[in-house]
2 protein chains.
Amino acid sequence: MLVSPSRDRAAERRSATRREILDASWEVAHEKGIASITLKDVADRVGMRPPSLYSHFASKNAIYDAMFGQAWQGCLDALRAATDGVPSDPREAMAVMGRAYFKYAVADQARNQLMNARISADFQPSPEAYAPSLAVWELGRVHLALIGVTAEADLDLYSAVVGGLVDAQLANDPGGNRYARQLDRAIGMLADQFGL
Amino acid sequence: MLVSPSRDRAAERRSATRREILDASWEVAHEKGIASITLKDVADRVGMRPPSLYSHFASKNAIYDAMFGQAWQGCLDALRAATDGVPSDPREAMAVMGRAYFKYAVADQARNQLMNARISADFQPSPEAYAPSLAVWELGRVHLALIGVTAEADLDLYSAVVGGLVDAQLANDPGGNRYARQLDRAIGMLADQFGL
DNA sequence: GTCTATACACCGATAGAC
DNA sequence: GTCTATCGGTGTATAGAC
């Protein structure tokens with residue numbers, strides 16, 4: 001086939017442009033906050049005019065949607081890498097996952113807001129973008145089940161405590177380690193509570 | 001003086017109108033979210049035209065500022081009432097304050113967002129509006145000090161855990177009690193950790 | 001696919017009559 | 001103090017030429 005190679009190049013270029021737009025969107029989000037992204041700012045950064053973005057994304061929310069998917073996929077990858085080797089000690093297994101999530105969440109405030117807070121009233125993630133988010137929760141559920149923690153209440157408490165430390169760190173000491181220092185202590189507390 | 005009584009009536013009416021505007025703003029916040037308040041929506045609800053609001057508030061952010069002060073003042077009042085009688089048991093003292101804060105925070109999502117999250121990039125609370133927020137933290141610090149908890153790290157952990165349960169409750173089970181059910185357990189855990 | 005031009009809907013805020 | 005009228009700006013999105 002003669003058509004195929006040129007199709008490939010076109011498709012490559014197209015997805016490369018999409019990636020450029022998403023990268024630019026993340027830059028804007030880091031500078032002005034996730035809720036303050038505008039098509040003008042994104043277009044400026046890619047060297048386009050705002051209407052041209054519509055050749056690659058159907059709407060602004062479609063950009064948010066792709067970013068949402070990227071954020072949770074990155075989290076899933078980070079947790080998979082961290083929980084790769086099966087941990088011998090149950091307490092260490094709990095700590096490894098908690099630290100990995102904390103590190104990923106705290107590393108990027110804008111990303112964390114997109115992942116966990118409602119950014120705008122109308123934006124709702126699509127099922128495809130939402131999938132890696134569900135996968136993260138499933139990974140957590142399975143990982144804790146392996147060390148004998150299966151109660152729904154225990155999962156709720158675990159996630160709320162780690163999430164609380166993340167939010168406190170980002171809100172009250174961004175870039176610091178004031179609440180990061182409490183993470184291992186909190187997880188030890190939880191392990192005691194779970195009877196490990 | 002003949003002038004004084006009429007001045008009083010005028011001042012009363014003025015502050016009554018201010019209160020009406022703030023009440024209307026809270027209503028809008030509850031319906032559309034704290035970040036989506038517009039002067040038009042507020043004015044409609046008070047039976048005014050948007051420009052007329054400027055006779056009572058210097059700007060939209062001045063309205064946010066007053067609301068911020070109200071929210072934290074209400075929290076301060078709630079905590080003072082809850083921690084009024086000196087508690088005999090240290091663990092119960094911890095629980096009383098945690099429950100009071102949790103209850104107040106969870107009761108109003110819009111209010112909680114205004115109190116703890118950044119609503120817009122340009123809004124910064126004035127020192128006067130910020131004062132009751134500082135008073136709440138001081139009350140917490142003193143209350144825990146009375147039962148022997150004085151370490152900064154302990155305060156950080158306590159506030160992050162309670163705050164984490166609040167956020168989880170509002171985000172994942174608004175109006176329910178899925179995370180509220182974990183509150184006493186979490187506080188018991190903390191009491192153990194603090195050696196009480 | 002990118003551009004110009006523009007529609008369309010908002011928003012916060014100000015000026016000035018009453 | 002409230003009103004009408006309006007300014008000046010921003011935002012998403014579409015139409016149509018190239």
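Just so we're on the same page: letters track the sequence lines, and every chain starts at 1.
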(message) Please encode protein proximity along nucleotides 10-17 of chain C as a string of B, S and -, counting only heavy-atom distances under 4.0 Å.
(response) -SSBB---
(request) Can you measure from CZ (A:R111) to NE2 (A:H30) and round to the nearest 0.5 angstrom? (result) 7.0 Å
Listed pairs under 3.5 Å, donor-acceptor, residues 50-59 of chain B side chains, sequence neighbours left out:
residue, atom, partner, partner atom, Å
B:S52, OG, B:R49, O, 3.4
B:S59, OG, B:N61, N, 3.4
B:S59, OG, B:A62, N, 3.2

(request) Return no unless some side-chain N or O of A:S52 is found under 4.0 Å from OP1 or OP2 of C:dC3. (result) yes
(message) How close do B:W26 and B:A71 get, counting heavy atoms only, and between which atoms?
(response) CH2-CB, 4.2 Å
(request) In whole angstrom, give the distance that lies between atom CZ of A:R18 and atom C1' of C:dT2. (result) 18 Å
(request) Quick one: closest heavy-atom pair of B:G98 and B:Y158, and the distance? (result) N-OH, 3.0 Å
(message) What is the separation between atom CZ on B:R49 and atom C1' on D:dT6, rounded to the nearest whole Å?
(response) 15 Å
(message) Distance check needed: D:dT12 P versus A:I21 CD1, whole Å only.
(response) 14 Å
(request) Would you kindly give the CE-to-P distance between B:M48 and D:dT4, to the nearest whole Å? (result) 13 Å
(request) Nearest whole angstrom, please: distance from the C1' of D:dG1 to the CD of B:E20. (result) 14 Å
(request) Ignoring hydrogens and angles, tell me if any N or O in the side chain of A:Y104 forms a donor-acceptor pair with the backbone of A:C75 under 3.5 Å. (result) yes
(message) Just to verify, what does B:R178 make a salt bridge (Lys or Arg N to Asp or Glu O under 4.0 Å) with, not counting sequence neighbours?
(response) A:D156
(message) Using whole Å, what does the distance between atom P of nucleotide C:dG1 and atom CD of A:E12 come to?
(response) 14 Å
(message) In this structure, how many angstroms lie between the C1' atom of C:dT2 and the CG atom of A:L53, rounded?
(response) 11 Å
(message) Rounded to whole Å, how long is the line connecting atom CG of A:D44 with atom P of D:dG11?
(response) 11 Å
